[in-house]
There are 2 protein chains.
Amino acid sequence: MEILPERTVERLSHYRRVLSKLLEINKEYIYSHEIAKLLHITPVQVRRDLMLIGHSGTLRKGYRIRELISLIGTIIDNPEKYKVAIVGFGKLGHALLNYLTENESNLHLVALFDTNPEKIGTTNNNVICYSVDRIPEIIKRYKIDMALLTLPPQFAQLTANQLVESGVKGIINYTSSILSIEGAFLEQYDMIASLEKVAYFTKPEFYL
Amino acid sequence: MEILPERTVERLSHYRRVLSKLLEINKEYIYSHEIAKLLHITPVQVRRDLMLIGHSGTLRKGYRIRELISLIGTIIDNPEKYKVAIVGFGKLGHALLNYLTENESNLHLVALFDTNPEKIGTTNNNVICYSVDRIPEIIKRYKIDMALLTLPPQFAQLTANQLVESGVKGIINYTSSILSIEGAFLEQYDMIASLEKVAYFTKPEFYL
């Protein structure tokens, strides 16, 4: 199968989560326009995404929810649980820890890293916090696939390099530092850009 | 001026931040391919975005950095500081507070809200934490424009409704609950989708 566009993968992840919730309340079938409405996108977009993963739907009753969830899983999930580390166990690292351990997903949080001696060695939601000095050792030992960077921005690039050298294949950078990485997929989450975007779209002149 | 596409606004925010850092180290001019390289996008994309805001650049020396920063500001910023509240002062709320007070931007964090009596009434980085019961009063009194939702997902929809009724024009939803909002711009940040996307793009078959 061809590699899907980034936005499609994000939306498939959304679809699955919404569909799982509907399944819980015993809904069996859904139309593309219903999915679209729940996610504030167009029905055309939904149909295009689902066609990309080889699903055409039955027009009369809509898509069968259980089937769709399982199809999305075969497309976007890894066959094995995906191993994740959080590097920088501050406020945001802690929020991510809670998020990952409280929400169901195919991701398995394996390690936390920090520099603070009071945090090193502690166990949080069953995950151990290690010293950043042990990054290469722990990443290799547990074959960690992905790292979430929530450390001070000035250490982000060096740490990212070390993670990739140790075998990490995907990084989400939550710091304000803009990274350059080779040999791994990089996603930058820029909070300020996200805030400035919302500010832009709520300018009073657009409401006149 | 026409409303710009969402992705363009995000990129303009990125450009500005990168350019400001370059200005600090006394760089005066920059080429579109240099901006592109720093942000891992194509030079064509950069040129298209800058043409959209009415800048064409001087080919010989590139764009004048100071001018570009100021032009981006006139396009995406509000003339007045934009007032922001964080609703839910847990780990993520705290991380956002630090982020907003440590990074320069046109955003002014005015209030925090929580339900925990130990947090209500405290001052954090000069920002007061109020009871969520006071949302309508405080939002109206300080004319708060934007709210960041970091509260438990089951309270997200009701709180969002209340915020919009009180005058909020933009909401960023960091909870796992999918919201439906009228009369305000809504941005959902879905951490799980972001993680699943990175997992997808690091599947071993794409490296064969």
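Computed over heavy atoms, backbone and side chain alike; hydrogens, waters and symmetry mates excluded.
Contact between B:L107 and A:A199 at its shortest, heavy atoms only, is CD2-CB, 4.3 Å.
Only the side chain of B:Q188 comes within less than 4.5 Å of a heavy atom in chain A; its backbone stays farther off. For chain A, the nearby part of B:R16 is the side chain; its heavy atoms alone come within less than 4.5 Å. Interface residue B:S194: backbone and side-chain heavy atoms are both found under 4.5 Å from chain A. Heavy-atom distances place both the backbone and the side chain of B:I192 under 4.5 Å from chain A. For chain B, the nearby part of A:M146 is the side chain; its heavy atoms alone come within less than 4.5 Å.
Salt bridge status for B:K27 with B:E34: present, with a side-chain N to carboxylate O gap under 4.0 Å. Here A:E196 does not pair with B:R17 in a salt bridge; the nearest charged N to carboxylate O distance is not below 4.0 Å. By the 4.0 Å N-to-carboxylate-O rule, A:D145 lies too far from A:K83 to be salt-bridged with it. Contact check on A:E28 versus A:R66 returns no salt bridge, with no Lys/Arg side-chain nitrogen under 4.0 Å from an Asp/Glu carboxylate oxygen.
Between atom OH of residue B:Y142 and atom NE2 of residue B:H108 there is a gap of 10.0 Å, rounded to the nearest 0.5 Å.
The residue among A:I171, A:L100, A:D77, A:L38 with the most heavy atom pairs within less than 4.5 Å of chain B is A:D77. Considering only heavy-atom pairs separated by less than 4.5 Å from chain A, the leading option among B:N98, B:L12, B:I76 is B:I76. Interface check for chain B: of the options A:L148, A:L39, A:V198, A:L96, the most heavy-atom pairs under 4.5 Å are formed by A:V198. By number of non-hydrogen pairs under 4.5 angstrom with chain B, the leading residue of A:L195, A:L92, A:L186, A:I178 is A:L195. Ranking B:K21, B:E6, B:H14 against chain A, the residue ahead of the rest is B:E6, based on heavy-atom pairs under 4.5 Å. For chain B, the option among A:E187, A:K37, A:R7 with the highest count of heavy-atom pairs below 4.5 Å is A:R7. The residue among B:G90, B:S180, B:G93 with the most heavy atom pairs within less than 4.5 Å of chain A is B:S180.
With hydrogens and angles disregarded, no donor-acceptor distance shorter than 3.5 Å links the side chain of B:K119 to the backbone of B:C129.
In this structure, the ring of A:Y189 has its center less than 6.0 angstrom from the ring center of B:Y189.
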